[in-house]
Structure formats: structure tokens, C-alpha cells
*Asks:* 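Sharing a structure below in C-alpha cells format, with a few things to ask.
Bear in mind the structure is a predicted one, so any value in this text is a computation, not a measurement. Letters A, B, ... are given to chains in the order of the sequence lines, protein chains preceding strands, and every chain is numbered from 1.
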Amino acid sequence: KAGVTQTPRYLIKTRGQQVTLSCSPISGHRSVSWYQQTPGQGLQFLFEYFSETQRNKGNFPGRFSGRQFSNSRSEMNVSTLELGDSALYLCASSRGAKTGDKLLPNEKLFFGSGTQLSVL
Amino acid sequence: DQQVKQNSPSLSVQEGRISILNCDYTNSMFDYFLWYKKYPAEGPTFLISISSIKDKNEDGRFTVFLNKSAKHLSLHIVPSQPGDSAVYFCAASDPFGNEKLTFGTGTRLTIIP
């Protein structure tokens, strides 16, 4: 079974530009989450999508947005890049459950290798 | 506000000895806790988890202990092996957050041969 695929692996942008990152989840997984990893901050939750709907959102400015397609693939976009946006962006997929349903407590997340974004 | 804290950024342990990684949390709504392991240039991989209704879960060389009253959990690795050298993240979830996990800042474990 193929794992979570993130593209591109590395990206260099300049301040003010925008960027789009892509994530293909494991086949059959319907939930896709995005995390930002920076040194000293750990992994910070950005948002989660399930069946093309954003179900949860972290404390990031509106410059960070995402979407999910009908095939569960997801993209995240960062507009007007700032130096502080330099980070490893990780995507994670899981089987997920409909809101209100309860699967096994917290289906384990499967992470991709991430996209390393450098803003100059 | 860091709801999950790993106060030791790094830890070095001799091969064959026990490694103990600690994690504290502040949100009493958290009901499920997980440990992830991360190698450089790879995404985190799931290691072990524990529900808040338990105080211990064991899987081979890995054991996680949960002390709810102290809002503290720890990961024990016995015996430690060189391949265990990695960054370990503690994570927690609450019943209402769907797939959202709140992560700690990580502890870099180095196993000395």
C-alpha cells in the first residue's frame, strides 16, 4: 500500500510570493490533516479535511488555506509569504470518521515526508 | 499556550540501558495520548498510544505510562538500541477534535553505542 505522498519535497520562495503544496493520502483514507513543524515549536496543527470539508482549524492566519478534492487529495496554499513561514509542512492521512461517529479512539495518523519550505 | 510539553529537548542514553522520555499536558479534556518517532527527512511514525482509562500500555520494548492526576506520561524504551536514535513527539487528542492532535516540541534521543 503506497504511503502518503507530498510534493514537492523542497521549495524556495521569496517574501510576498504564494505557494501551493500537495498531498496524496493513503488509498481509502478520507481525512487529511496539515501540520507545520519549526524548530522549538514542534508540530502545529493547521487544519483537517474530511470528505472535502474543513472540519477543524488551528490558530494560523488567513494566509494559510487548504482544500480537499473528491479523491481525497489535498492542497494547502500560503499567500503573501513571510520569513517566518519557513518550515517543514507535513501532511497526514487517516481513515477518519464522520463527525459525530466514533471509530476506535484516534485512528493513527500516517504522515508524509513533508515539504521543506524556505522563504528568503 | 503549549498544552503538551516535553521539557527535555535532548537525551543521551547508553545502548542497552533504559530510555525514559517525559511529557506533561495541561488540558484535562485530552483522552488519548500517542508517541511518534521521527527520523531526519522523514515524517513522524506512530509508535505507541494509551487511552486515558488505562495507566500503562506495553508493546515490545516500548511502554507508555500515564498518570492522570499529575497530567504526566512517559515513554520507556528497554533496552535502548542505536536505531532508537530519533526525535520523539508526544501527542494528545480530545473527544471533540476529530483527527486533530496536539503535539509537544519533541525530545531528541541519542543512543550511545
*Asks:* Under a 4.5 Å heavy-atom cut-off, does chain B meet the side chain of A:Y35, its backbone, both or neither?
*Replies:*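 The side chain, not the backbone.
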
*Asks:* Would A:L46 end up clustered with A:Y49 when hydrophobic side chains under 4.5 Å apart are linked, directly or stepwise?
*Replies:*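 Yes; A:Y49 is reachable from A:L46 via cluster members.
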
*Asks:* Please output the residues of residues 74-93 of chain A in contact with chain B, using a heavy-atom cutoff of under 4.5 Å, in numerical order.
*Replies:*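 Residues in range: A:L88, A:L90.
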
*Asks:* What pairs meet the ring-ring contact (aromatic ring centres under 6.0 Å, His included) rule with one or both residues in residues 55-82 of chain B, with sequence neighbours excluded?
*Replies:*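 ring-ring contact (aromatic ring centres under 6.0 Å, His included) check on residues 55-82 of chain B returns B:F65-B:H76.
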
*Asks:* Quick one: does A:R55's side chain get under 4.5 Å of B:K100's, heavy atoms only?
*Replies:*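 Answer no - side chains too far apart.
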
*Asks:* Any chain of hydrophobic side-chain contacts (each under 4.5 Å) joining B:L75 to B:V87?
*Replies:*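 Result: no, two separate clusters.
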
*Asks:* Pull out the residues in residues 105-113 of chain B that come under 4.5 Å of chain A, heavy atom to heavy atom, sorted by number.
*Replies:*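 So the qualifying residues are B:T105.
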
*Asks:* Would the number of heavy atoms belonging to other residues, nucleotides or ligands and lying under 6.0 Å from CG of A:N59 be above 12?
*Replies:*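 It does not: A:N59 CG has 12 such atoms or fewer within range.
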
*Asks:* Does any part of the side chain of B:L101, heavy atoms only, come nearer than 4.5 Å to the side chain of A:F45, both counted from C-beta?
*Replies:*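 Counting from C-beta outward, A:F45 and B:L101 never come under 4.5 Å.
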
*Asks:* Assess the residue pair B:F103 and A:Q41 against the criterion (side-chain contact (heavy atoms from CB on, under 4.5 Å)); give the C-alpha distance rounded to whole Å, side-chain angles, the decisive distance to 0.1 Å, and a yes or no.
*Replies:* CA-CA 9 Å; B:F103 282 85; A:Q41 289 293 317; over 6 Å; no

*Asks:* Among the options B:A41, B:G43, B:P44, pick out the one with the most heavy-atom pairs lying under 4.5 Å from chain A.
*Replies:*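 Of the candidates given, the most pairs with chain A belong to B:P44.
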
*Asks:* What about B:F46 and A:L43, same hydrophobic cluster or not, with Ile/Leu/Val/Met/Phe/Trp/Tyr joined at side-chain heavy-atom distances under 4.5 Å?
*Replies:*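 Same cluster: B:F46 reaches A:L43 through Ile, Leu, Val, Met, Phe, Trp or Tyr contacts under 4.5 Å.
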
*Asks:* With a cut-off of 6.0 Å (strictly less than), are more than 12 heavy atoms of other residues, nucleotides or ligands near CZ of A:R9?
*Replies:*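 Yes, the 6.0 Å shell around CZ holds more than 12 heavy atoms from other groups.
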
*Asks:* With a 6.0 Å cut-off (strictly less than), is the heavy-atom count around CZ of B:R61, excluding the residue itself, greater than 12?
*Replies:*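 More than 12 heavy atoms, drawn from other residues, nucleotides or ligands, come within 6.0 Å of this atom.
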
*Asks:* Is the gap between the ring centers of B:Y36 and A:F111 under 6.0 Å?
*Replies:*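 Yes - the distance between ring centres of B:Y36 and A:F111 falls below the 6.0 Å cut-off.
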
*Asks:* Does B:K5, at its NZ atom, have more than 12 non-hydrogen atoms belonging to other residues, nucleotides or ligands within less than 6.0 Å?
*Replies:*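 Incorrect, the count does not exceed 12.
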
*Asks:* Considering heavy atoms only, which positions within residues 113-120 of chain A lie below 4.5 Å of chain B?
*Replies:*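 Within residues 113-120 of chain A, near chain B: A:S113.
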
*Asks:* Do B:Y32 and B:L21 share a hydrophobic cluster (ILVMFWY, side-chain heavy atoms under 4.5 Å, transitive)?
*Replies:*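 In one cluster: no.
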
*Asks:* Are B:L73 and B:F30 linked, directly or through intermediate hydrophobic residues, by side-chain heavy-atom contacts shorter than 4.5 Å (ILVMFWY only)?
*Replies:*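 Yes, same cluster.
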
*Asks:* Would you compute the distance between atom CG of A:L109 and atom OG1 of B:T45 and round it to the nearest 0.5 angstrom?
*Replies:*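 That separation rounds to 12.0 Å.
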
*Asks:* Around atom NZ of A:K57, are there more than 12 heavy atoms of other residues, nucleotides or ligands at under 6.0 Å?
*Replies:*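 Yes, enclosed.
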
